[in-house]
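For reference, the structure is listed below as structure tokens.
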Amino acid sequence: MVVKRQPKVLTGTYFKNGNWAMVEGAIASGIAEFFAYPISPASEIVEYVSYRLPAVGGKAAFIVEDEIASINMCIGASWAGSKVLTATSGPGFSLKQEGLGLAYMTETPLVCLNVQRGGPSTGLPTFSAQGDYMQVQFGSHGDYPVIALTPWSVQECFVLTIEAFNISERLRTPVIILADGEVSRMMEQVTIPKEEEIEVINRKGPKQGIDKTKFKQFDASDQEDLVPPMAHFGEGYKIFGTGLTHTEDGIPKLDEDLHIELIDRIYKKVEINSHLYPEAHTYMVDDAEIVIISTGISARASLEAVLEAREEGIKVGLFRPITVWPFPRDEFEPLAKKADLIVVEMSMGQLIWPVERYARKECTLVKRIGGTPPDPKNILKAIKKLAKK
Amino acid sequence: MAEQSKKIDKSTIIEKPIKEFQHPQESLLRKKAIPTIYCPGCGIGTTINAFLEAISKYCQIPHDQIFVVSGIGCTGRASGYVNLDGFHAIHGRAIPFASGVEIAKPPMKPVIISGDGDLFSIGLGHFAHAARRNIDMTVICVNNAIYGLTGGQDAPTTPVGAKSRTTPYGKISFPFNLSHIAIANGATFCARYTVYEYVQLSKAIARGMNHQGFSFIEVISNCHVHFGRRNNLGDAIAMRQMFKKARKRMNEKDIGLDIHKTDIIFEAGKGFTKIPTGIFLEERDEPEEFSERIIDAYEFIK
Amino acid sequence: MEVHQHPEKKHYIITDESRCKGCGLCIEFCPKDCLGYSVEINEKGWRVSKMHRMKDCIKCYMCERMCPDFAIFIGENTKEEGAKD
């Protein structure tokens, strides 16, 4: 059997689904390994990577024994110098939490695709939901800053996956893509540009010619962006990583000041580099008296409602944060001052927490659980109710 | 005369030695992390020493290619004391981490030094799967029959009848025979030694590391502070004397097909009365290890 | 650090009191009963292991191998250093 080697970037226009686009994005970014455990609605990702990654010369795409092993293998492969990807859905994401905590603490670049499904527990497999919004930030114990991106179209699934890898490599931190079951399986047109048009950023390594014995794996004191350069296993730097509070060279030390300094830097690293994250998407907000805040598939339903309401003469706009963690506060706050707010989401109310916090007022919540996207009619009803007041 | 010989002789002291003396393994120790956190007389230190001697004396693998991973627990700290590439993973997940590195960088030689609780309680699934895949790694399990770091609760290796904090009336359930698990799941090298048998242990570690494939070395260690104290086995010295008496050398031929011959026998009140030690399995016509198989498997893609 | 040299075989035994935790393993397992506890305590409060009768030492490496804390070891005698007169 001979299989022809496939190109890394499949330039062209396709009619494909979100799972396909996310995999293509990851492969265009140059992943070498993929470890995951099958879980619907992310199983398709696992299946497609297993076919595609070996054919482009990637090292390995494996189904491993469980979700916990997959995230830990990803951390290992990342410390060995590879770009790695893992994919999962709600229950699997819960299992990955401890490993993700380790990745935040040891500043390991990796990307985790989370195709959200109905919960809690086994919930609604194969159906869609947006209930992992809070878990992404607060799932693992302790304090850690999260970068999470939400695509709403198949095209964005492709673009944001590349973006996620670039952010992750640049900031040495895990990045999570919060897709929902609907976006991941929706068929749509997707355009893949030429390979040279795709910007791929790789992590920075230690300076050439430095004394290897003096290199410190977690020393960011001379870095403007507070991201320490990363050395890998087998390069002779004798690096050490630990989930314990550690000194700049990675030695565990349970010290109060050290812990404050370390966690502070990890937070600041994500805060001061916020210009790297995708900006929020706004639609007809300039003259809007009512603004809908929504992400993923609910944002598409909301867009439909906005268009219908505009036809009826109600001034409505849409604000769609693409980077949901950290919440795009600077872009959102001016809007929140002048308009009434409606939050549309496929959960009992999670996105509404940061929205109400930054708006400093009560907002209307249009919630939809049960596995199918919200009905634009219901959103329109909420808009009309608010407009009458 | 006897009295005379017991006297302290200070005449052999050299006040100003010609050179500065260093421990033979000093260059392989992370000096910032020493002294270790271990209790006086703990067997984990001896195991680290044996491992360092193995890599510096008995096996020819370049030190840049070796990396040490450990999980959580007393033994989990071991990777921090070794001046090689290392990682201190989360509880039970040392093997998946090492597998990830090994798959991403096949020339690397992972060595996992971890405890019985970490590898066989919370991490048993990963151990079985790594052995099944025959990933090229060496697992050194320091088995002290108890959870030491958390204060002496019973582990899956605590023998029947042994007392611990959570089994004050004696352990009820049966313990694991770790060699049995390793062999049953497809490990291609399996050995067991007590901390008393330092040279044999060190050589077995080197032999396991030279072996291509999954190698498992169990080290029976003394946790005199938690296990020894509650079971009236005395201090570190008494426990090592017990190992000296209880060890029984066995090899593949002695065991044959009856893997139960390798079971450790513990009698409440007496302690360990039989600890079979030796190299229990070494597959000479080795099946290919995992990262080589990956490379071979994708060869047809051209 | 206390360095002892064997009068004839010329090898060294070095005890590092800053690392020793006084577990007594080397003292117990020394086949010639050369080692013993110190009278004074070290900075951590342990009575540490000291070489008491270097003349009896047979360089069996038992102490170095038993020690969990890298605190006692043997220094090889190399030609350049010569012997102590």
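Chain letters run A, B, ... following the sequence lines, proteins first and then strands; every chain starts at 1.
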Pick from [options] with the largest number of heavy-atom pairs that fall under 4.5 Å of chain B:
options                     : answer
A/Thr247, A/Val84, A/Ile75  : A/Ile75
A/Ser70, A/Cys74, A/Pro54   : A/Pro54
A/Ala80, A/Gly243, A/Gly241 : A/Gly241

For this session: Would you confirm whether B/Lys105, through its side chain, and A/Gly234, through its main-chain N or O, come within 3.5 Å as a donor-acceptor pair?
Result: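 Not confirmed, B/Lys105 side chain does not pair with A/Gly234 backbone.
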Supply the atom-to-atom distance [X] [atom1] to [Y] [atom2], rounded to the nearest 0.5 angstrom.
X        : Y        : atom1 : atom2 : result
A/Glu65  : B/Arg133 : CD    : CZ    : 4.5 Å
A/Ile71  : B/Arg93  : CD1   : CZ    : 12.0 Å
B/Asp85  : A/Glu235 : CG    : CD    : 8.5 Å
B/Ile72  : A/Leu244 : CD1   : CG    : 6.0 Å
A/His246 : B/His88  : NE2   : NE2   : 12.5 Å

What do you reckon, is [atom1] of [X] surrounded by more than 12 foreign heavy atoms closer than 6.0 Å?
X        : atom1 : result
A/Phe138 : CZ    : yes
B/Lys31  : NZ    : yes
A/Tyr37  : OH    : no
B/Arg293 : CZ    : no
A/Lys204 : NZ    : yes
B/Lys32  : NZ    : no

Exercise. Less than 4.0 Å between a side-chain N and a carboxylate O, is that true for B/Arg30 and A/Asp249?
Worked result: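 B/Arg30 and A/Asp249: not salt-bridged.
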Chain B contact via [X] - side chain, backbone, both or neither, heavy atoms under 4.5 Å:
X        : value
A/Tyr237 : backbone
A/Val64  : both
A/Ala32  : neither
A/Ala103 : neither
A/Ile251 : side chain

Can you tell me which portion of [X] sits under 4.5 Å from chain A's heavy atoms? Options are side chain, backbone, both or neither.
X        : result
B/Ile294 : side chain
B/Phe290 : side chain
B/Ser79  : both

Exercise. Relative to each other, are the rings of B/Phe97 and A/Phe233 parallel, tilted or perpendicular (30° and 60° limits)?
Worked result: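 Aromatic pair B/Phe97/A/Phe233 classed perpendicular.
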Can you name the nearest heavy-atom pair linking [X] to [Y], along with the distance?
X        : Y       : value
A/Lys238 : B/Asn83 : CD-O, 3.2 Å
B/Pro96  : A/Met73 : O-CG, 3.1 Å
A/Leu102 : B/Phe87 : CD2-CE2, 3.9 Å

Exercise. What parts of residues 86-96 of chain A touch chain B if we use heavy atoms and a cut-off under 4.5 Å?
Worked result: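 Hits under 4.5 Å: none found.
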